[in-house]
Amino acid sequence: MQSLLYTVGSLLLLLLLNHEGGFTGAADAEHNFRATDFHTHRHRRNHGHRRGEEFEYSALSCRAYSASLDEFGAVGDGVTSNTAAFRDAVSQLSRFADYGGSLLFVPAGRWLTGSFNLTSHFTLFLHRDAVILASQEENDYEVIEPLPSYGRGRDTDGGRFISLLFGSNLTDVVITGENGTIDGQGEPWWGKFKRGELKYTRPYLIEIMHSDGIQISNLTFLNSPSWHIHPVYSSNIVIQGLTILAPVTVPNTDGINPDSCTNTRIEDCYIVSGDDCIAVKSGWDQYGINYGMPTKQLLIRRLTCISPDSAVIALGSEMSGGIEDVRAEDIVAINSESGIRIKTAIGRGGYVKDVYVRGMTMHTMKYVFWMTGSYGSHPDEHYDPKALPVIQNINYQDMVAENVTMPAQLAGITGDQFTGICISNVTITLSKKPKKVLWNCTDVSGYTSGVTPEPCQLLPEKQPGSVVPCNFPESPIPIDEVKLQRCYSRRRLM
């Protein structure tokens, strides 16, 4: 019966398309569809495609239909531009959104492309030997409006280049594979930014906005011009099994930046970056305050990070819409500037509250804990100096750090204390040349328990002689109860 329904659905689609050389074929027993005869690709070989071996993957949603990128005229030689092929493939496959969704298979090869948009009920799947190469030409990236919660681009006033993979107002989008690669080829962009030659903000590798049901998994991302992964104004997001690599000397190459998002799970990722490995955001000064969309219900676990000049996990500095209910556990930091950093400033407004971190191991750190209330930059001169951020209920526990220069730099705002700080069961071993002042604390309050070396007086021992744990919620975040499905499709044999 199910096969019959899919066959009928396919026939209905043929009637709906009703154009010369439209889709042919119907779903097989695995509901797999090959897009085999588009009128725009008459140059293709006349013989039919052999079915390839079946492959398995995990996803929020499985797909009824699939096609391969090379069926749209793409050439994987690393030189030929495939922007038109990617755009055409997504456009054609978008017609299946209401009929079980579709999968675009990217086979082995080096596929050069400019920006292209994603669609709903869609999976982009990369073969293990597939490399998507981002074009280095500015003309391959449309200039779009600044995000409303930022008011301007992050690099420059005004607009910004669209990301390599972009989507807006989508439902059910999966970007996954067999650890295939998306290479941003960012070096020319980094040079232009450093020399002040860019008129617009650099593109990200992935930006998905105003969307629900997003999965990004089992891929390698390299050398983004700026941030690598940026979900914004979105909900119900799973990011897992990513390797993200960028030179540690290049700023703004953040790994994953959930921004004004709800119900997000980030897990099993390895990130090397010249900036924050994960930066949690929610808008910038008056623009973020007015937009009023917080990041909340965020789970981060089993993250490994190397970031010599930035944080493993940063909260802010663009946090004006609010950040709350962040849970991080089982984190490994290596040769990084700071473990958890809260960044804010006068004029930001908003809040960072209900943050829970446990089970963190750190090797070779400048700081373990870092909070700053003077993280300066503003989008323009119209920010409100009376807009003070609220930082409260921050919980860190069960941590070990070695070769540390300074355990803590905690600086709130005069007249606007950072409150409710709890640090429990933390052992820090110092480097050979530590700072003279190990804990520098101003305008903060809270308590510690079982922490060495001895913390500052503003964070006194709660119960000397015993370890009092900090809070960590027992009830799960909804996204943590979402399970991926086992899906099957076929790759074509050439």
Side-chain angles (χ1 to χ4, degrees), residues 58-61 170-176 206 208-218 229-242 254-269 271 276-283 292-305 311-316 319 321-332 339-342 350-360 390-399 420 422 424 469-485:
S58 297
L60 293 171
S61 301
L170 302 181
T171 301
D172 180 20
V173 179
V174 177
I175 304 169
T176 190
I206 295 179
I208 300 177
M209 54 194 298
H210 303 296
S211 297
D212 181 71
I214 301 166
Q215 175 188 335
I216 305 171
S217 64
N218 301 327
I229 312 295
H230 185 224
V232 58
Y233 315 141
S234 295
S235 59
N236 300 312
I237 302 161
V238 174
I239 299 174
Q240 64 179 203
L242 301 186
D254 303 33
I256 304 168
N257 290 6
D259 194 341
S260 294
C261 289
T262 298
N263 210 27
T264 302
R265 185 171 95 212
I266 301 171
E267 58 190 359
D268 301 309
C269 292
I271 303 174
D276 303 320
C277 287
I278 294 178
V280 185
K281 300 178 180 292
S282 66
M293 182 177 288
T295 288
K296 58 184 180 179
Q297 296 179 322
L298 170 62
L299 173 61
I300 303 168
R301 63 186 173 202
R302 298 186 299 275
L303 165 71
T304 298
C305 167
V312 176
I313 300 173
L315 306 172
M319 38 62 68
I323 296 171
E324 63 181 297
D325 195 2
V326 176
R327 310 178 192 186
E329 54 187 335
D330 301 328
I331 311 296
V332 175
I340 308 296
R341 186 178 183 190
I342 295 176
Y351 53 85
V352 176
K353 64 181 182 180
D354 305 335
V355 175
Y356 311 94
V357 184
R358 67 183 178 188
M360 192 166 182
V390 173
I391 312 298
Q392 65 183 24
N393 193 24
I394 311 298
N395 300 271
Y396 304 137
Q397 63 184 324
D398 304 335
M399 299 182 178
C422 172
S424 174
C470 301
N471 293 324
F472 200 99
E474 294 183 3
S475 59
I477 291 175
I479 194 66
D480 198 26
E481 298 186 311
V482 172
K483 306 301 181 184
L484 301 185
Q485 302 181 49

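A distance-only check finds a donor-acceptor pair linking the side chain of Gln215 to the backbone of Ser58 [under 3.5 Å]. Looking at Asp276, its side chain does come within 3.5 Å of a backbone N or O of Ala311 through a donor-acceptor pair. A distance-only check finds no donor-acceptor pair linking the side chain of Thr304 to the backbone of Val332 [under 3.5 Å]. Distance alone, capped at 3.5 Å, is enough to place a donor-acceptor pair between the Ser211 side chain and the Leu170 backbone. Not one N or O on the side chain of Ser282 forms a donor-acceptor pair closer than 3.5 Å with the backbone of Ile323. In this structure, Thr295 contributes its side chain and Lys281 its backbone to a donor-acceptor pair below 3.5 Å. Of the possible donor and acceptor atoms, one in the side chain of Thr176 sits under 3.5 Å from a partner among the backbone N and O of Ser217.
Listed here is the closest heavy atom pair of Asp254 and Ala279: OD2-CB, 3.6 Å. Of all heavy-atom pairs between Ile237 and Cys261, the closest is CD1-SG, 3.7 Å.
Taking the side chain as every heavy atom from C-beta outward, Ile479 and Ser235 never approach each other to under 4.5 Å. Residues Arg358 and Asn395 have side chains not in contact (no heavy-atom distance under 4.5 Å, counting atoms from C-beta outward). Side chains of Thr264 and Pro231 form no contact here, defined as non-hydrogen atoms less than 4.5 Å apart. Residues Ile266 and Leu298 are in side-chain contact: their nearest non-hydrogen atoms beyond the backbone lie under 4.5 Å apart. Considering only heavy atoms from C-beta on, Met399 comes within 4.5 Å of Val357 through its side chain.
Here the OG-CE distance, from Ser260 to Met209, works out to 10.5 Å after rounding to the nearest 0.5 Å. Taking CG from Asp172 and CG from Asn236, the interatomic distance works out to 11.0 Å, rounded to the nearest 0.5 Å. Distance check, rounded to the nearest 0.5 Å: SG of Cys269 to CZ of Arg302 gives 10.0 Å. Here Ile229 contributes atom CD1 and Leu242 contributes atom CG; the two are 6.0 Å apart, rounded to the nearest 0.5 Å. One finds the CD1 atom of Ile214 at 11.5 Å from the CG atom of Asn263 (value rounded to the nearest 0.5 Å). A distance of 6.0 Å separates CG of Asp212 from OG1 of Thr171, quoted to the nearest 0.5 Å.
Residues forming a side chain to side chain contact (heavy atoms under 4.5 Å, CB included) with Pro469 (at least two apart in sequence, or on another chain): Gln397. Annotation: salt bridge (Lys or Arg N to Asp or Glu O under 4.0 Å) contacts of Arg301 (sequence neighbours excluded): Glu267, Asp480. The ring-ring contact (aromatic ring centres under 6.0 Å, His included) search around Tyr351 returns none, not counting sequence neighbours.
Test Ile300, Leu303, Ile340 against Val312 for side chain to side chain contact (heavy atoms under 4.5 Å, CB included) and you get one pass: Leu303. Paired with Glu324 under the rule side chain to side chain contact (heavy atoms under 4.5 Å, CB included), one option of Gln297, Gln392, Lys353 passes, and it is Lys353. When Asn471, Asp325, Asn393 are each tested for a side-chain hydrogen bond (donor to acceptor under 3.5 Å, both in side chains) with Tyr356, only one passes: Asn393.
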